[in-house]
Amino acid sequence: MLVRDAMSTVILTVGPAHTLRQAAALMSARRIGAAVVLDPDAGGIGILTERDILNSVGLGQNPDIERAQAHTTTDVVFAAPVWTLEQAARAMAHGGFRHLVVLDRGEVVGIVSVRDIIRCWAPAREPVPAL
């Protein structure tokens with residue numbers, strides 16, 4: 001199975017000036033753990049994850065003041081839609097992260113998460129038997 005079969009194609013994008021609270025509210029409303037940060041001035045694609053927001057709050061920083069730009073990972077590892085899920089999982093395990101931005105010809109076309117991969121690899125959910 002390939003990354004294109006598992007990735008989410010509806011992508012939340014935020015700008016570098018969004019506050020962490022704004023980003024968190026958007027991520028929470030969509031029940032996702034990462035947003036792509038597009039910064040035309042810096043000329044790059046970054047990613048802001050729930051872990052980045054949690055680390056900031058844990059340090060006592062104010063999520064109403066802190067901006068996405070200051071907490072965005074910019075040395076992003078990108079996946080291609082034609083990668084196997086094994087390649088994506090290996091990249092995540094090696095890098096210690098849970099999301100990969102998927103690029104096709106330089107354009108963001110999706111995000112694949114550990115959860116997406118598990119959904120493809122694990123059998124369909126079955127009800128837990130009552131005790």
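Panel note: side chain Asn55, backbone Asp52; no donor-acceptor pair is recorded below 3.5 Å.
With a 4.5 Å cut-off on side-chain heavy atoms, Leu85 and Cys120 count as touching. Residues Leu54 and Val57 are not in side-chain contact: their nearest non-hydrogen atoms beyond the backbone lie 4.5 Å or more apart. Put simply, the side chain of Ile111 does not reach to within 4.5 Å of the side chain of Val102, judged on heavy atoms. Side-chain contact between Val109 and Met7 is present, with at least one heavy-atom pair separated by less than 4.5 Å. Counting only heavy atoms from C-beta outward, the side chains of Gln69 and Val37 never approach each other to under 4.5 Å.
Atom CD of residue Glu86 and atom CG of residue Leu2 lie 9.5 Å apart, to the nearest 0.5 angstrom. Remark: Met92 CE to Ser113 OG distance equals 6.5 Å, nearest 0.5 Å. Expressed to the nearest 0.5 Å, how far CG of Leu26 lies from CD1 of Ile32 amounts to 8.5 Å.
Contacts of Gln87 classified as side-chain contact (heavy atoms from CB on, under 4.5 Å), with partners at least two apart in sequence or in another chain: Trp83, Thr84, Arg90. Residues satisfying the side-chain hydrogen bond (donor to acceptor under 3.5 Å, both in side chains) criterion with Ser8, sequence neighbours excluded, are absent altogether. Annotation: side-chain contact (heavy atoms from CB on, under 4.5 Å) contacts of Val76 (sequence neighbours excluded): Ile47, Phe78, Val101.
Follow the hydrophobic side-chain contacts under 4.5 Å out from Ile117 and you reach Val3 in the same cluster. A continuous path of hydrophobic side-chain contacts links Val114 to Phe97 [ILVMFWY only; heavy atoms under 4.5 Å]. At a threshold of 4.5 Å between side-chain heavy atoms, the hydrophobic network of Ile, Leu, Val, Met, Phe, Trp and Tyr places Val112 and Leu103 in two separate groups.
Contact between Ser56 and Gln61 at its shortest, heavy atoms only, is OG-OE1, 2.6 Å. When all heavy atoms of Met27 and Thr49 are compared, the pair lying nearest together is CE-C, 3.9 Å.
The list of side-chain hydrogen bond (donor to acceptor under 3.5 Å, both in side chains) pairs with a residue in residues 25-37, not counting sequence neighbours, is empty. For residues 91-112, the set of pairs meeting the side-chain hydrogen bond (donor to acceptor under 3.5 Å, both in side chains) definition, not counting sequence neighbours, comprises Glu50-Arg98.
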For residues 10-25, dump all side-chain donor-acceptor pairs below 3.5 Å to protein atoms at least two apart in sequence or in another chain.
| unit_1 | atom_1 | unit_2 | atom_2 | d |
| --- | --- | --- | --- | --- |
| His18 | ND1 | Gly15 | N | 2.9 |
| His18 | ND1 | Gly15 | O | 3.4 |
| Thr19 | OG1 | Gln22 | N | 3.0 |
| Thr19 | OG1 | Gln22 | OE1 | 3.4 |
| Arg21 | NE | Asp64 | OD1 | 2.5 |
| Arg21 | NE | Asp64 | OD2 | 3.3 |
| Arg21 | NH2 | Asp64 | OD2 | 3.3 |
| Gln22 | OE1 | Thr19 | N | 2.8 |

